[in-house]
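Quick note: residue numbers are just sequence positions, from 1.
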Amino acid sequence: MATIRNAHTVWNGTLMEGSGQTTLDSSGLGTYDVTWKARSEDANGKTSPEELIAAAHSACFSMAFSNGLAEAGYTATEITTKAAVDFVPGKGIQTSKLTVTAKVPGISEDEFQKIADGAKAGCPVSQALAGITITLDATLEA
């Protein structure tokens, strides 16, 4: 059975001068201001679709990587994933750059990289972003 999560946005005005609020309905975690300027220039305390996608991608990759490690018999003591999603006005989202550092006792560098690459490909958010370039920089910490 599928799990469905909901959010909604109320927008007022034109694209360039208007503003909106995006609410995370399923979790009830809050309502966040959005504007074109925050999306295409500086955030200034507001969010954007790209920031929300970056949050989703970093969380999804971390979960997929943790699962891949477990399937190979490893348990990470810590995984830190950053996602940088770019937006080019007039062209849209072009890339998502994943940067992960992890502490995984007993794993070789080669196996670590193989499992990280598999997580990048297998993460459902990566699959949803299949039309863009996704890069991965994975570092195994001692």
Between atom [atom1] of [X] and atom [atom2] of [Y], what is the distance when rounded to the nearest 0.5 Å?
| X | Y | atom1 | atom2 | result |
| --- | --- | --- | --- | --- |
| Thr95 | Leu129 | OG1 | CG | 10.5 Å |
| Leu98 | Asp137 | CG | CG | 10.0 Å |
| Thr22 | His8 | OG1 | NE2 | 8.5 Å |
| Lys103 | Glu141 | NZ | CD | 5.5 Å |
| Asp25 | Thr31 | CG | OG1 | 8.0 Å |
| Lys120 | Cys60 | NZ | SG | 13.5 Å |

pair [X]-[Y]: side-chain heavy atoms closer than 4.5 Å:
| X | Y | value |
| --- | --- | --- |
| Val104 | Glu111 | no |
| Tyr32 | Leu52 | no |
| Ile53 | Ser96 | no |
| Val85 | Ile132 | no |
| Ser126 | His57 | yes |
| Pro49 | Phe87 | no |

Criterion side-chain hydrogen bond (donor to acceptor under 3.5 Å, both in side chains) against Gln21, the qualifying member of Asp33, Thr9, Asn12: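 Passing option: Asp33.
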
Aromatic centroids of Tyr74 and Phe65 separated by under 6.0 Å: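 So the answer is no for these two rings.
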
I'd like to know if Ile93 and Val125 are part of one continuous hydrophobic network [Ile/Leu/Val/Met/Phe/Trp/Tyr, side-chain heavy atoms within less than 4.5 Å].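 Result: yes, single cluster for both.
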
With a 4.5 Å cut-off on side-chain heavy-atom distances among I, L, V, M, F, W and Y, is there a chain of contacts connecting Leu136 to Leu140?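 They do share one cluster, since a chain of ILVMFWY contacts under 4.5 Å joins Leu136 to Leu140.
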
Closest non-hydrogen atom pair, [X] against [Y]:
| X | Y | answer |
| --- | --- | --- |
| Phe112 | Ala102 | CE1-CB, 3.8 Å |
| Ala64 | Ala119 | C-CB, 3.8 Å |
| Leu69 | Ala76 | CD1-CB, 3.9 Å |

Could you go step by step and tell me if Ile107 and Ile115 meet the side-chain contact (heavy atoms from CB on, under 4.5 Å) rule? CA-CA 10 Å; Ile107 195 169; Ile115 294 169; 4.0 Å; yes

Excluding sequence neighbours, so at least two apart, what forms side-chain hydrogen bond (donor to acceptor under 3.5 Å, both in side chains) with Gln113? Glu109

According to side-chain hydrogen bond (donor to acceptor under 3.5 Å, both in side chains), who are the partners of Gln94, at least two apart in sequence or on a separate chain?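 Counting only residues at least two positions away or on another chain, Gln94 forms no side-chain hydrogen bond (donor to acceptor under 3.5 Å, both in side chains).
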
List in chain and number order the residues that pass salt bridge (charged side-chain N to carboxylate O under 4.0 Å, His left out) with Glu51, two or more places apart in sequence or in another chain; answer none if no residue qualifies. none

Short side-chain to backbone donor-acceptor contact, [X] and [Y], under 3.5 Å:
| X | Y | answer |
| --- | --- | --- |
| Thr81 | Val100 | no |
| Ser62 | Ser58 | yes |
| Trp36 | Ala38 | no |

